[in-house]
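Written below as structure tokens is the structure these notes are about.
Below, read A as the first sequence line, B as the second, and so on, with proteins coming before strands; counting in each chain starts at 1.
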Amino acid sequence: MKNELYIQNSLTRKKELFKPITEGFIGMYVCGPTVYNDVHIGNCRTFVSFDIIYRYLKYIGYQVRYVRNITDVGHLTDEGEDKMSKGARLAKLEPMEVAQKYTVGFHDMMRIFNTQAPNIEPRATGHIIEQIEMVQQILDNGLAYEANGSVYFDTIKFAQQQDVYGKLSGRKIDDLMSESRDDLKNQSEKNHPSDFAIWMKASDEHILRWNSPWSVGFPGWHLECSAMSTKYLGKTFDIHGGGNDLKFPHHENEVAQNHGACGCHPANYWIHTNMLEMNGRKMSKSDGNTITPAQLFSGNSPHISKAYSPMVVKFFMLQAHYGSTLDITDKGLQDAEKGYRKLMEANALLQKMESSNGAATELDKEINATINKAFQQMSDDFNTPMALARLFELVAKINGIGAGHISGDEITSDTLQRMKDTFQSFITDIFGLLNDSTADSTNNGNGVTDGLMELIIDLRQNARVTKDWGTSDKIRDSLNELKIQLKDGKDGTTWSKN
RNA sequence: GGAGACGUGCCCGAGUGGUCCAAGGGAACAGUUUGCAAAACUGUAAAGCCGCCGGUUCAAAUCCGGCCGUCUCCUCCA
């Protein structure tokens with residue numbers, strides 16, 4: 001079952017056969033959030049994507065060390081103010097209070113999406129010493145210079161020494177040389193506009209500050225990832241991931257820093273996830289084309305007609321490849337909700353099926369081939385939409401057996417068991433999809449509601465037996481207005497919340 | 001202006017030289033079920049050639065060039 005794994009490597013822009021540095025082990029670093037405000041739904045997609053990657057790597061047998069940082073210092077706004085400090089100033093809080101608040105919020109959201117925690121989640125402020133050491137190394141190697149208490153990475157020298165700078169983001173050095181924003185803080189201290197700060201001297205009003213050989217100051221934005229990935233995964237590790245928008249300058253500068261400090265490349269494979277859009281346009285707070293996870297879950301937004309559960313949103317994300325842009329639309333979410341329920345219900349049906357010890361028919365072969373294909377496609381750059389498509393092909397078979405259109409005698413007990421394992425593996429272990437309690441009454445843990453619903457359904461059933469359609473329809477319609485849907489089936493009535 | 005990605009049925013979204021007259025989901029339509037609905041299940045049909053134009057090839061949605069459009073990045077961003 002273990003297929004060879006292929007990964008689209010941003011570094012080479014090619015799909016490559018994955019070979020770990022140490023057989024059986026993988027080191028993976030993913031750039032985490034800057035915790036200065038509530039987590040954005042786009043962030044959620046990125047981290048859900050990497051969670052699937054992490055889970056799948058483990059599933060195919062690797063021991064993975066997954067490191068995802070929390071950036072709580074160094075990330076400056078356009079005005080040159082530290083994002084943490086700005087958040088603190090506005091809310092009259094300590095910077096660390098701001099960091100803590102949004103870190104907790106971020107963790108809560110990751111839990112809501114049922115992602116697994118990384119093995120190590122280092123914070124930039126917890127690694128100031130490592131960052132200072134790295135600045136020193138880069139200085140020692142002659143690839144940085146000090147100016148007025150700040151230290152800048154010498155991009156020109158680096159570019160002249162080795163043909164690395166610009167490779168990851170596809171930038172041409174000449175272009176970099178000629179263009180740069182002119183409103184950057186401390187621009188005048190730099191030898192060249194494309195140079196970037198790895199240590200910055202703190203102004204008097206700057207709260208986040210540490211002692212260093214050069215000044216009382218703070219580390220540059222890109223440095224924490226270089227320092228922390230090196231510390232926990234080594235100078236060169238297997239996979240580095242992050243959102244597409246981090247390619248430049250963040251990742252490009254990270255690569256430069258690692259080369260500058262250690263003389264080697266940080267990661268063999270770079271994975272970049274693509275952006276989430278809404279209604280065909282980039283999400284933007286300023287023009288209102290934005291939606292928060294909370295709004296998605298509550299339905300409280302002009303962009304959507306109803307609430308969507310976190311698992312529906314996650315399923316929606318899985319229907320697209322991580323490397324493609326994904327457009328959030330109300331209709332898209334509605335479709336995803338139906339697909340998600342169909343998958344989960346088919347799985348519930350499958351897990352209850354009894355083996356009938358059938359023969360190895362054509363159908364049996366087909367099912368096994370489809371299962372093989374699902375894993376093979378998942379191993380082809382984590383192609384979740386393809387794997388999902390194969391699962392849905394199996395759903396048709398499962399429902400066919402359930403409805404009696406297909407005889408259980410057509411598949412062997414081994415194949416049935418394999419199908420059960422495959423669904424369980426994909427849904428639970430790889431995709432991390434949970435049974436959505438709000439969408440499924442059978443999993444609703446609320447005893448009072450369950451009891452009340454049982455009573456109401458019972459009363460309505462009585463009315464139906466006496467053909468009192470007025471009463472039974474009134475119950476049905478009233479519940480509908482409360483967004484509770486009754487489902488009359490052969491074996492009685494169930495309900496679900498919409 | 002520069003760099004990158006993309007443009008596939010009614011919608012979403014796979015497919016990156018032949019097995020594609022193009023996966024899967026949703027919608028549509030029909031059937032089963034139902035007191036009627038809804039839900040569920042089953043089945044069917046649906047892209048006149050995969051943005052447009054041209055080229056390479058025995059063979060292209062898939063490679064190359066041009067054009068049009070969308071998105072991302074160019075030191076705020078997952």
Rounding to an integer number of Å, can you tell me how far [X] [atom1] sits from [N] [atom2]?
X        : N     : atom1 : atom2 : answer
A:Leu318 : B:C12 : CG    : P     : 19 Å
A:Glu277 : B:U70 : CD    : C1'   : 8 Å
A:Tyr322 : B:A14 : OH    : P     : 12 Å
A:Asp327 : B:U70 : CG    : P     : 14 Å
A:Leu486 : B:C36 : CG    : C1'   : 14 Å
A:Ile475 : B:A37 : CD1   : C1'   : 15 Å

- Message: Just to verify, what does A:Lys373 make a salt bridge (charged side-chain N to carboxylate O under 4.0 Å, His left out) with, not counting sequence neighbours?
- Response: none

- Item | For A:Asp51, salt bridge (charged side-chain N to carboxylate O under 4.0 Å, His left out) partners two or more places apart | A:Arg55

- Result of checking A:Met317, A:Glu337, A:Arg341, A:Lys338 against A:Val312 for side-chain contact (heavy atoms from CB on, under 4.5 Å): A:Glu337

Which value, in whole Å, describes the distance between the [atom1] atoms of nucleotides [N] and [M]?
N     : M     : atom1 : result
B:U75 : B:G69 : C1'   : 29 Å
B:C67 : B:A30 : C1'   : 45 Å
B:U16 : B:A37 : P     : 45 Å
B:A22 : B:A47 : C1'   : 8 Å
B:U8  : B:G24 : C1'   : 14 Å

- Query: Residues in side chain to side chain contact (heavy atoms under 4.5 Å, CB included) with A:Ala387, at least two apart?
  - Reply: A:Met378, A:Phe426, A:Phe431

With a non-hydrogen cut-off below 4.0 angstrom, is [X] in contact with a base, only sugar-phosphate, or nothing?
X        : value
A:His321 : sugar-phosphate
A:Leu343 : nothing
A:Leu391 : nothing

- Query: Is there a donor and acceptor pair closer than 3.5 Å between the side chain of A:Asp473 and the base of B:G35?
  - Reply: yes

- Would you say the side chain of A:Ser169 and the base of B:G4 hold a donor-acceptor pair, judged only by whether the two atoms sit under 3.5 Å apart? no

- Which comes earlier along RNA chain B counting from the 5' end, the contact point of A:Lys247 or that of A:Lys397, where each point is its nearest nucleotide? A:Lys247

- Closest to the 5' end of RNA chain B, once A:His222 and A:His40 are matched to their nearest nucleotides, is A:His222

- Verify the contact: side-chain N or O of A:Asn399 to OP1 or OP2 of B:U42, cut-off strictly under 4.0 Å; return yes or no. yes

- Query: Reading nucleotides 21-31 of chain B 5' to 3', which nucleotides get B (base under 4.0 Å from a protein heavy atom), which S (sugar-phosphate only), which -?
  - Reply: --BSBBS----

Going by the angle between their ring planes, with limits at 30° and 60°, are [X] and [Y] parallel, tilted or perpendicular?
X        : Y        : answer
A:His240 : A:Tyr29  : tilted
A:Phe382 : A:Tyr56  : perpendicular
A:Phe196 : A:His222 : perpendicular

- Task: Count the heavy atoms belonging to other residues, nucleotides or ligands that lie under 6.0 Å from CD of A:Glu454, then report whether that count exceeds 12.
- Result: no

- Nearest heavy atoms of A:Thr155 and A:Ser194, plus distance in Å: OG1-OG, 2.6 Å

- Item | Minimal non-hydrogen separation, A:Trp270 against A:Asn9, with atom names | N-OD1, 2.9 Å

- Check: A:His259 ring centroid to A:Phe158 ring centroid under 6.0 Å: yes

- Message: Tell me if the centroids of the rings in A:Phe113 and A:Phe297 come within less than 6.0 Å of each other.
- Response: yes

- For RNA chain B, the dot-bracket notation using Watson-Crick and G-U wobble pairs below 3.5 Å, [ ] for pseudoknot-type crossings and | for other-strand pairs, is ((((((((.[[[..)..(.....]]].(((((.......)))))......[[[[[..)....]]]]])))))))....

- Sub-4.0 Å heavy-atom contacts from residues 42-50 of chain A onto RNA chain B, ordered by number: A:Gly42, A:Asn43, A:Thr46

- Out of B:G4, B:G35, B:C71, whichever nucleotide has its closest atom nearest the side chain of A:Arg13: B:G4

- Message: One pair to check against side chain to side chain donor-acceptor pair (under 3.5 Å): A:Ser301 and A:Gln295. What are the steps and the verdict?
- Response: CA-CA 6 Å; A:Ser301 159; A:Gln295 286 175 316; 4.7 Å; no

